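The structure under discussion appears below in the form of structure tokens.
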Amino acid sequence: MQQLLEQAIRYAKPFLEQGKLADYIPALLRANPQHLGVSITTMDGKQHSAGDTDEPFSIQSISKILSLIYVLNERGKEKVLEKVGVEPSGNPFYSLVQLEYESGKPRNPLINAGAIAITGLMAGNSAQEKSAGLIQFLNNIVDESDYKINQEIYRSEFETSHRNRAVGYFMKHFGMIDGEVEAAVDAYFQQCSIEMTCAQLSRLSLFFAGGGTDPISHKKVTDPENVKWVHALMAMCGLYDASGEFACTVGLPGKSGVGGGIVAIVPGKMSISVFGPALDGKGNSIGGLKILEFLSRELRLSLF
């Protein structure tokens with residue numbers, strides 16, 4: 001496995017020249033576009049890594065699958081479905097277009113509008129209370145974990161993400177945001193700024209492969225039905241408007257973030273995380289995608 005991961009890094013490295021850093025969050029421009037890493041955690045707890053897997057990065061939209069599980073646990077699927085749909089959007093993750101002609105209800109929880117609606121359902125009146133609950137939930141999954149918010153990236157998002165505030169207020173008009181808009185949007189900025197390494201993300205995500213139970217600690221994180229539901233959303237919507245291509249080339253439930261991370265799940269077998277901040281035109285790690293394509297092909301991981 002170690003040799004295979006190193007081969008995957010060598011295969012993907014040349015593609016980094018075709019990518020660029022996310023420029024609409026100024027703090028993300030400080031990342032090194034040559035960083036590239038991959039980490040696999042298997043059901044027996046073994047971890048195999050290659051490349052820059054100890055380099056911390058903000059998980060950005062990968063946080064959407066974690067906050068969704070958190071809210072599903074607390075509020076239930078019926079309440080979630082009042083606020084968001086479960087259909088692919090076919091538009092960029094920041095799009096306002098569909099909200100206007102679909103009465104303010106986001107297509108799914110994995111676009112920005114949907115994720116903001118989910119943070120509106122989190123317990124707590126303030127953004128700090130909402131974020132603290134989410135981080136405590138994450139820290140409880142893996143023993144001795146201590147995930148934190150990267151304050152520099154959070155401030156950068158808070159100061160520049162006017163479009164997300166507009167999305168929040170637009171949804172509030174149609175009753176899709178519970179509580180104060182600013183609390184929901186601010187909590188969304190904070191969850192996107194949670195920082196992890198590639199190795200930490202792979203380990204944390206293992207409960208998805210375990211059907212809702214962490215196979216190492218045997219802690220039940222969520223119900224199997226919730227994991228099944230989120231897997232389906234990841235397969236349809238996890239790579240934004242490149243989700244169909246990802247299903248064809250990789251064939252796994254996955255979720256990306258503009259911080260350069262992607263997590264992919266092989267149910268019953270392993271979780272895979274990749275990190276490479278150089279992005280393609282749709283906001284996905286260009287090197288990370290190539291690593292996942294390589295591993296899926298070599299290990300015959302595709303579910304399709």
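Both backbone and side-chain heavy atoms feed into the values below; hydrogens, waters and symmetry mates do not. For the single chain, residues carry numbers from 1 onward in sequence order. Remember, it's a predicted structure, so these values are computed and weren't measured experimentally.
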Rounded distance (nearest 0.5 Å) linking atom [atom1] of [X] with atom [atom2] of [Y]:
| X | Y | atom1 | atom2 | value |
| --- | --- | --- | --- | --- |
| Q7 | L295 | CD | CG | 10.0 Å |
| R75 | L121 | CZ | CG | 5.0 Å |
| I153 | I25 | CD1 | CD1 | 8.0 Å |
| M176 | H173 | CE | NE2 | 10.5 Å |
| S161 | Y154 | OG | OH | 11.0 Å |
| Q18 | D280 | CD | CG | 10.0 Å |

Side chains of [X] and [Y]: closer than 4.5 Å at any heavy-atom pair?
| X | Y | answer |
| --- | --- | --- |
| D54 | S49 | no |
| V185 | V167 | no |
| E87 | N108 | no |
| T42 | I40 | yes |

Problem set entry | Test salt bridge (Lys or Arg N to Asp or Glu O under 4.0 Å) applied to K79 and E74, step by step | CA-CA 10 Å; K79 184 64 176 178; E74 298 296 316; over 6 Å; no

Indicate the atoms forming the closest heavy-atom contact of [X] with [Y], along with that distance.
| X | Y | value |
| --- | --- | --- |
| V38 | T53 | O-CG2, 3.1 Å |
| A12 | L36 | CB-CD2, 3.9 Å |
| G260 | S285 | O-CB, 3.4 Å |
| G51 | I9 | CA-CD1, 4.3 Å |

Distance-only side-chain donor-acceptor flag, [X] / [Y], under 3.5 Å:
| X | Y | answer |
| --- | --- | --- |
| S205 | S271 | no |
| N150 | S58 | no |
| E195 | Q200 | no |
| Q191 | Q60 | no |
| N112 | Y240 | no |

Do NZ/NE/NH1/NH2 and the carboxylate oxygens of [X] and [Y] come within less than 4.0 Å?
| X | Y | value |
| --- | --- | --- |
| E180 | K172 | no |
| D178 | K83 | yes |
| E82 | K105 | no |
| K219 | D143 | yes |
| E182 | R165 | yes |

Exercise. What is the ring orientation for F158 with F189, classed by angle as parallel under 30°, tilted 30 to 60°, or perpendicular over 60°?
Worked result: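 If you compare the ring of F158 with that of F189, the planes turn out perpendicular.
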
Backbone of [Y] reached by a side-chain donor or acceptor of [X] within 3.5 Å:
| X | Y | answer |
| --- | --- | --- |
| S296 | E293 | no |
| E55 | H35 | no |
| S202 | C198 | no |
| S145 | Y147 | no |
| K255 | G238 | yes |
| E129 | S126 | yes |
| K130 | T119 | yes |
| R107 | V86 | no |
| S63 | I59 | no |
| D23 | P26 | no |

Over 12 non-hydrogen atoms of neighbours within 6.0 angstrom of [atom1] in [X]:
| X | atom1 | result |
| --- | --- | --- |
| E78 | CD | no |
| K228 | NZ | no |
| Q136 | CD | no |

For this session: Starting from the C-alpha separation in whole Å, work towards a yes-or-no answer on side chain to side chain contact (heavy atoms under 4.5 Å, CB included) for L21 and L28.
Result: CA-CA 7 Å; L21 299 173; L28 294 184; 6.0 Å; no

Exercise. Can you check side chain to side chain contact (heavy atoms under 4.5 Å, CB included) on M1 and L299, steps first, answer last?
Worked result: CA-CA 10 Å; M1 180 68 80; L299 295 173; 4.3 Å; yes

Problem set entry | For R203, the option from T197, D214, T41 that meets side-chain hydrogen bond (donor to acceptor under 3.5 Å, both in side chains) |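 Considering T197, D214, T41, a side-chain hydrogen bond (donor to acceptor under 3.5 Å, both in side chains) with R203 is found only for D214.
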
Problem set entry | Check against side-chain hydrogen bond (donor to acceptor under 3.5 Å, both in side chains), Q34 and E17 | CA-CA 8 Å; Q34 290 302 307; E17 302 302 325; 3.2 Å; yes

For this session: Determine, stepwise, if the pair Y70 / F137 fulfils ring-ring contact (aromatic ring centres under 6.0 Å, His included).
Result: CA-CA 7 Å; Y70 174 56; F137 167 69; 5.4 Å; yes

Exercise. Do K64 and Y188 meet the cation-pi criteria used here (NZ or CZ under 6.0 Å from the six-membered ring centre, within 45° of the axis)?
Worked result: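 No, K64 does not lie over the aromatic ring of Y188.
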
Are [X] and [Y] grouped together when hydrophobic residues (ILVMFWY) are joined by side-chain heavy atoms under 4.5 angstrom apart?
| X | Y | result |
| --- | --- | --- |
| L233 | F246 | no |
| M43 | I265 | no |
| L29 | L279 | no |
| V227 | I216 | no |
| I69 | M196 | yes |

For this session: In sequence, state the C-alpha distance, the side-chain angles, and the governing distance for H48 and S39, and then conclude on side chain to side chain contact (heavy atoms under 4.5 Å, CB included).
Result: CA-CA 6 Å; H48 308 273; S39 185; over 6 Å; no

Exercise. For D44 and K269, what are the C-alpha separation, side-chain angles and deciding distance, and is it a salt bridge (Lys or Arg N to Asp or Glu O under 4.0 Å)?
Worked result: CA-CA 9 Å; D44 58 3; K269 294 184 178 180; over 6 Å; no

For this session: Apply side-chain hydrogen bond (donor to acceptor under 3.5 Å, both in side chains) to the pair N73 and T222, showing each step before the final yes or no.
Result: CA-CA 6 Å; N73 285 354; T222 191; 2.6 Å; yes

For this session: For a side-chain contact (heavy atoms from CB on, under 4.5 Å) with L201, tell me which candidate from I272, I62, I194, V274 qualifies.
Result: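 Only one of I272, I62, I194, V274 forms a side-chain contact (heavy atoms from CB on, under 4.5 Å) with L201, namely I62.
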
Exercise. Given I65 and F208, is the side chain to side chain contact (heavy atoms under 4.5 Å, CB included) satisfied, shown in steps?
Worked result: CA-CA 10 Å; I65 59 174; F208 283 106; 3.9 Å; yes

